[in-house]
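The chain is numbered in sequence order, starting from 1.
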Amino acid sequence: MRHVTKDRLLESRDEINEFIDIYRNKSKKRRYLDFNQGIDSRYVNEENMALLSQLPIRPMRIAFDHICLSDVYENAVRLADKYGVKRLSNYILFNYKDKPQDFWNRLEINLKLNRELQSTIYSFPMKYIPVYGKEATNRKFLGSHWNQKYIRAIQCILNATKGIVTVNPTFFYKAFGENIEEYLDILMMPECYILYRKRFEENGQTETWRYQFKNLNKNELKKLKSIVYSNNFLSNAKIPPSVLEVLKHYQFKYKPEKNNV
């Protein structure tokens, strides 16, 4: 083996290749390339999408970080479709500079594109956390338009899908609401009522909560929201009886029996 050198191996390349070709496993293998980070839609154009489409990327991930990027994002998805890329799993950033309503709108844009292009476009919500500073370590950062309750509600909704938003319209509109009004209503629901939606709708507790919630006056509603948004129900402040009745829903604990959720 001491006579085996790199140069001698290169000189014998053709002979070695013939030997390898005889004995190698010739069965076909399917391999995919995955760019784990999201492609920036602002830089997608005909030329680079044509090149990217030649790679076995599955899925292609395109970031959709803000509603102001809607046109740019849609253009990138349509270019992907034009060049035969039909499977996408796209990052939807939230809790940054976006509003909760914008988050719902971006999810629906993906749903409509999926239906129009007959592609498989999964939304993958990503909660924003600062890269630097104290808030980068404790995961408690709240965007200027967000609050603790809304963040927890989104996490409860995504719990059933392991973080991915389905391409099924029926499931999407049930989970996130048929429109913005229903979506905001769901975000305000007690956590148990979100996690075990069917059970609490069927036993009437969700409707009871909704009736009591919507019958609060302006000042009562403001008080309730100040408590619920902070996700802190141990306030010592004086609380009106009508607000206390609604708060009972948020403090309700439910542990489903096994195979009975």
State whether a side-chain donor-acceptor pair under 3.5 Å links [X] with [Y].
| X | Y | answer |
| --- | --- | --- |
| Asn203 | Tyr196 | no |
| Asn45 | Asn48 | yes |
| Glu108 | Tyr173 | yes |
| Tyr183 | Glu178 | no |
| Asn114 | Ser119 | no |
| His249 | Gln212 | yes |

Could Glu116 and Lys112 be called an ion pair, given the rule that one side-chain N must be under 4.0 Å from one carboxylate O?
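A salt bridge is absent here (no side-chain N lies under 4.0 Å from a carboxylate O).
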Does Glu201 come within less than 4.0 Å of Lys174, counting only side-chain N to carboxylate O?
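A salt bridge links Glu201 with Lys174.
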List the steps, then state whether salt bridge (Lys or Arg N to Asp or Glu O under 4.0 Å) holds for Lys149 with Glu191.
CA-CA 9 Å; Lys149 176 63 178 75; Glu191 287 184 21; over 6 Å; no
In terms of heavy-atom contacts, does [atom1] of [X] have more than 12 from other residues, nucleotides or ligands at under 6.0 Å?
| X | atom1 | value |
| --- | --- | --- |
| Glu46 | CD | yes |
| Tyr211 | OH | no |
| Asn217 | CG | yes |

Calculate, to the nearest 0.5 Å, the distance between atoms CG and NZ belonging to Asp65 and Lys97 respectively.
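Asp65 atom CG to Lys97 atom NZ measures 11.5 Å (nearest 0.5 Å).
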Pairwise distance CG(Leu33) to CD1(Ile57) - rounded to 0.5 angstrom:
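Going from the CG atom of Leu33 to the CD1 atom of Ile57 covers 5.5 Å.
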Verify salt bridge (Lys or Arg N to Asp or Glu O under 4.0 Å) between Asp98 and Arg106, making sure each step is shown before the conclusion.
CA-CA 10 Å; Asp98 61 318; Arg106 283 180 288 152; 3.0 Å; yes
Indicate yes or no: at least one non-hydrogen side-chain atom of [X] is less than 4.5 angstrom from one of [Y].
| X | Y | answer |
| --- | --- | --- |
| Glu74 | Phe64 | no |
| Trp104 | Ile180 | yes |
| Val165 | Phe172 | yes |
| Leu107 | Ser123 | yes |

Which heavy atom of [X] sits nearest a heavy atom of [Y], and at what distance?
| X | Y | value |
| --- | --- | --- |
| Leu224 | Leu247 | CD1-CD2, 3.5 Å |
| Met49 | Ala76 | CE-O, 3.9 Å |
| Met188 | Tyr250 | O-OH, 2.5 Å |
| Ile186 | Gly177 | CD1-N, 3.6 Å |

Under the side-chain contact (heavy atoms from CB on, under 4.5 Å) criterion, do Leu52 and Met60 qualify, and how do the steps go?
CA-CA 9 Å; Leu52 285 169; Met60 179 177 285; 4.1 Å; yes
When the ring centroid of Tyr128 is compared with that of Phe141, is the distance short of 6.0 Å?
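Between Tyr128 and Phe141, the centre distance is under 6.0 Å.
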Aromatic centroids of Tyr96 and Trp146 separated by under 6.0 Å:
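Distance test on ring centres: not under 6.0 Å, no.
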The test is salt bridge (Lys or Arg N to Asp or Glu O under 4.0 Å); show your working for Glu207 and Arg210 and say whether it passes.
CA-CA 5 Å; Glu207 192 55 40; Arg210 186 175 287 111; 3.2 Å; yes
Quick one: do Lys248 and Glu245 satisfy salt bridge (Lys or Arg N to Asp or Glu O under 4.0 Å)? Show the steps, please.
CA-CA 5 Å; Lys248 289 179 182 178; Glu245 283 301 308; 2.8 Å; yes
